[in-house]
Q: 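Structure provided below as structure tokens; questions to follow.
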Amino acid sequence: MSFSAGRSARVIGSAVRGEGRERQPRYTTEACRRMFEALVAQLKERLGADLAFGASAVVRCTGPLPDLADLARTLVDFGVQKGDMRQPYALLAVAGLAGDKVLRRAAERLCRDQGPIAVDEIVVLAGLDVDPVDRALLAETERDGSFNAPPPLPDLWRRIAGIPAYAAFAHRALTAAVDRADAIHAGEIPYRADKAFTAREVVVLGHAARVALLRDEPWLPELLDRLLPRIALAPTAARTLPSQALLYELVRAGQDFPTPELVTAIRTVRTAVRHAGVPKQLDKMLKKLEAALAERAEVALRLPMSGFEADGVLRREAGDCTAVVTVTETAELTWHKDGRPLRGVPAAVRRDHGGLVKELRDLVKRVAVQLSTLARALEGGFTVEAVHPYGWWRTELAGHPLARSVVRRLIWEIEVAPGEWRAVLPEAGDLPVAPDDASVRLWHPVRSEPATVRAWRDLLIERRIRQPFKQAFREIYLLTPAEEETRVYSNRFAAHLVHYRRMFALFRSRGWSSDLLGPWDGGSEDEAVRTLAAGQWQVRFFHSLADGTHDHELAATDQVRFSRHKDGAWREAPLADVPAMVFSEAMRDVDLFVGVTSIAADPDWSDRGPERAYWERASFAELTESAEARRDALERILPRLKIADRCSLDGRFLVVRGDLRTYRIHIGSSNILMEPDNAYLCIVPARPKGGGTVFLPFEDDRLSLILSKAFLLAADTAITDESIRRQIERGA
């Protein structure tokens, strides 16, 4: 073979392997046998053998497994002699094809110095009652030891969880972990920081947790409530942990298969852990976990009763006083005596019932977390078009003592007849009569006519109903003519300059994954990715470090693209093929990223460097969909304000008439121009203090900021801040 021919063969081979990493192959019986022959041939050429390929061929074989005993024995002998244990599951899977004797030898080798919990797993997988294909499934979880194996099977964990012997092991393993953690805290096992479990046991316990979480085992919540605090807190006053590695692994398991009970347990541990860096890391991981919970509708909407009565009130006696926990928009603890509310906790209650006070305060915090988790799960259900049976929804959500506070402030659609959906707001009226098996789903403005959307917005303002997340005033994003032209990508949010670190933090909080940009190879550009619609769609938002700027913390935004999961791989899709709900929700996130982090919204940026041209252009640009929703809310709120006679809306501006000057506040950026010369007025907002008196139908920091500026400027003669007064008086 010539040099050029050899090079071409390597290029082709590399391309084939690259495709193999992205696709789900299928093997006939003969192809499976030839894969094992190829692996043995590699051994003879002293190239080593990637056993993950052998295991992946076994689980993807579409016909009867061929007789692979001799080939498998050769591969296992090499692996055991070499002592390479990076692929223990693949080694065990291949050994099982070579006969009981080889399987036992491989199992004995794998059990050395791994810890009893890991040994128990090997014994289970080596058992004669485990099918060879089931044994090979665990090899799909090993990604570190193989560079070219295909992606894991889409239903991998569901198949693993369906192995009876492994499901029983999961319970046994997690129980053993609790027992060991208890023994450490009891002083029966010497304490060493982060040494409670071997590295292999951490991996195995992560697998056990995934299986139990996926199966939604009824014994799991209580077990995790015991295990998590014991591995997160040292038995001494030390700031170390018995097993930081296992704590993070259990959270990662929760990111794969979240439950509301696990979210609550992790948040409880997060407040108690003494290690300085762990709470910050848990916060990042919890954001992903909560975003994932929204995609798991079958468990995400579950809330415990926690002793509350049907009206969302819990009462506990403490001497001659009564503690009352009330759940409305959130949970609140008050104390009463002789039927009258008290201003604080009575001294006698603090003295004689300190344990109850702490218990109720913890309960209030826990309920607040549960309500927040429920709201996130409901909102995340938009892209999966989550539908519930009406009878279950009426009792378990709308009628639940805790969930009702969230559910009743949202608009729902009930299918009262086939194809006929009726929208209702439980807080504003009675629920319709419908069969228990009728379908219920959250209402979304993308499915409604503009007149209907306006009517719901008017009702919320009139009844002063604050929704747990933006629903009636939710922005919708429809395909534009420009996007029809570009076909497979959108430039709607391209060419913006943003504070990169802030945007990166928002990626995490909204469940997007992205690598951190920086001055290293390949670190100048990346794409933020989020998977939507129960894993069927993926959105990618491209961005890069900004060139030609004086600030290395700036990034430039670029295209948005979508992919569909098809035939085991992601395929780029035309924008016109993306479901309207998925497109709208994805673009809403991107609008948020740009709107919140753009330097156009930074009041300090007006006089800085080469980015000034962008700042001037973007600070007062046409309104995006999120800003349009803000304008719509202002249109309804302004007539109810005491400064209503001084305010008006003019296109993209809120115009405020002061005594010294007239001001134009941009509804998108909140930046201010002063008439008559359009001079820029810089007002750096103070930290929000909360407790504002203006009713807002949804949480929106920018809307709150615009209104606070309007109140300030309407009374401009009363402004005492010297820097603001000088700017106003300069041209007044």
Q: Would you check if L220 and H171 make a side-chain contact, meaning some heavy-atom pair closer than 4.5 Å?
A: no
Q: Excluding sequence neighbours, so at least two apart, what forms side-chain hydrogen bond (donor to acceptor under 3.5 Å, both in side chains) with W512?
A: D589
Q: Can you pull the salt bridge (charged side-chain N to carboxylate O under 4.0 Å, His left out) pairs that have at least one residue in residues 389-400, sequence neighbours excluded?
A: R394-D436
Q: Check this for me: K365, atom NZ, are more than 12 non-hydrogen atoms of other residues, nucleotides or ligands nearer than 6.0 Å?
A: no
Q: What residues, two or more places apart in sequence or in another chain, satisfy ring pair (Phe, Tyr, Trp, His ring centres under 6.0 Å) together with F504?
A: Y500
Q: If we ignore angles and hydrogens, is there a donor and acceptor under 3.5 Å between the side chains of W537 and S563?
A: no
Q: Parallel, tilted or perpendicular: which one describes the rings of F698 and F473, with boundaries at 30° and 60°?
A: tilted
Q: For side-chain contact (heavy atoms from CB on, under 4.5 Å), just list the numbers for R540 and V560, CA-CA rounded to whole Å, side-chain angles, deciding distance to a tenth of an Å, and then say yes or no.
A: CA-CA 6 Å; R540 293 173 293 151; V560 176; over 6 Å; no
Q: Which residues pass the side-chain hydrogen bond (donor to acceptor under 3.5 Å, both in side chains) test with Q370, not counting sequence neighbours?
A: none
Q: So L250 and R252, do their side chains get closer than 4.5 Å, heavy atoms only?
A: no
Q: By ring pair (Phe, Tyr, Trp, His ring centres under 6.0 Å), which residues pair with F169, not counting sequence neighbours?
A: Y166
Q: Determine whether a donor-acceptor pair (N or O, by modelled atom type, separation under 3.5 Å) exists between the side chain of E585 and the backbone of V582.
A: no
Q: Say whether, by atom type as modelled, one donor and one acceptor occur between the side chain of Q538 and the main chain of R564 under 3.5 angstrom.
A: no
Q: Testing E699, E379, E475 for side chain to side chain donor-acceptor pair (under 3.5 Å) with K470, which one passes?
A: E475
Q: With sequence neighbours excluded, tell me which residues meet side-chain hydrogen bond (donor to acceptor under 3.5 Å, both in side chains) with T624.
A: D591, S626
Q: Pairing donors with acceptors under 3.5 angstrom, does anything connect the side chains of E317 and T322?
A: yes
Q: Do T264 and E261 have a side chain donor and acceptor closer than 3.5 Å?
A: no
Q: Under a 3.5 Å distance rule, please check whether R702 uses its side chain to pair with a backbone N or O of G668 as donor and acceptor.
A: yes
Q: Do you know the tightest heavy-atom contact between L705 and S670?
A: CD2-OG, 3.4 Å
Q: Which residues pass the side-chain hydrogen bond (donor to acceptor under 3.5 Å, both in side chains) test with R366, sequence neighbours left out?
A: none
Q: Could you go through V211 and I163, starting from their C-alpha distance and side-chain angles, then the distance that decides it, and tell me whether this counts as side-chain contact (heavy atoms from CB on, under 4.5 Å)?
A: CA-CA 10 Å; V211 166; I163 304 172; over 6 Å; no
Q: Between the side chain of Q467 and the main-chain N/O of A472, is any donor-acceptor distance below 3.5 Å?
A: yes
Q: Can you name the side chain to side chain contact (heavy atoms under 4.5 Å, CB included) partners of L156, sequence neighbours left out?
A: L137, E140, T141, P152, L153, I160
Q: Can you name the residues that form a side chain to side chain contact (heavy atoms under 4.5 Å, CB included) with T271, not counting sequence neighbours?
A: none
Q: How would you list, by chain and number, every residue that makes a ring pair (Phe, Tyr, Trp, His ring centres under 6.0 Å) with H565, sequence neighbours excluded?
A: W570
Q: For the pair R463 and E427, find out whether any cationic side-chain nitrogen is under 4.0 Å from an anionic carboxylate oxygen.
A: no
Q: Any side-chain hydrogen bond (donor to acceptor under 3.5 Å, both in side chains) involving residues 409-420? Give me the pairs, sequence neighbours left out, ordered by first then second residue.
A: E413-R441, E413-R447
Q: Given side chains that start at C-beta, do those of R60 and P150 come closer than 4.5 Å, heavy atoms only?
A: yes
Q: Would you say D362 has more than 12 foreign heavy atoms packed within less than 6.0 Å of its CG?
A: yes
Q: Is it the case that atom CD in E309 sees more than 12 heavy atoms from other parts of the structure closer than 6.0 Å?
A: yes
Q: Check whether any side-chain heavy atom of V324 lies under 4.5 Å from a side-chain heavy atom of L314, and answer yes or no.
A: no
Q: So T383 and F583, do their side chains get closer than 4.5 Å, heavy atoms only?
A: no
Q: Going by side chain to side chain contact (heavy atoms under 4.5 Å, CB included), name the residues that satisfy it together with E628, two or more places apart in sequence or in a different chain.
A: L623, R631
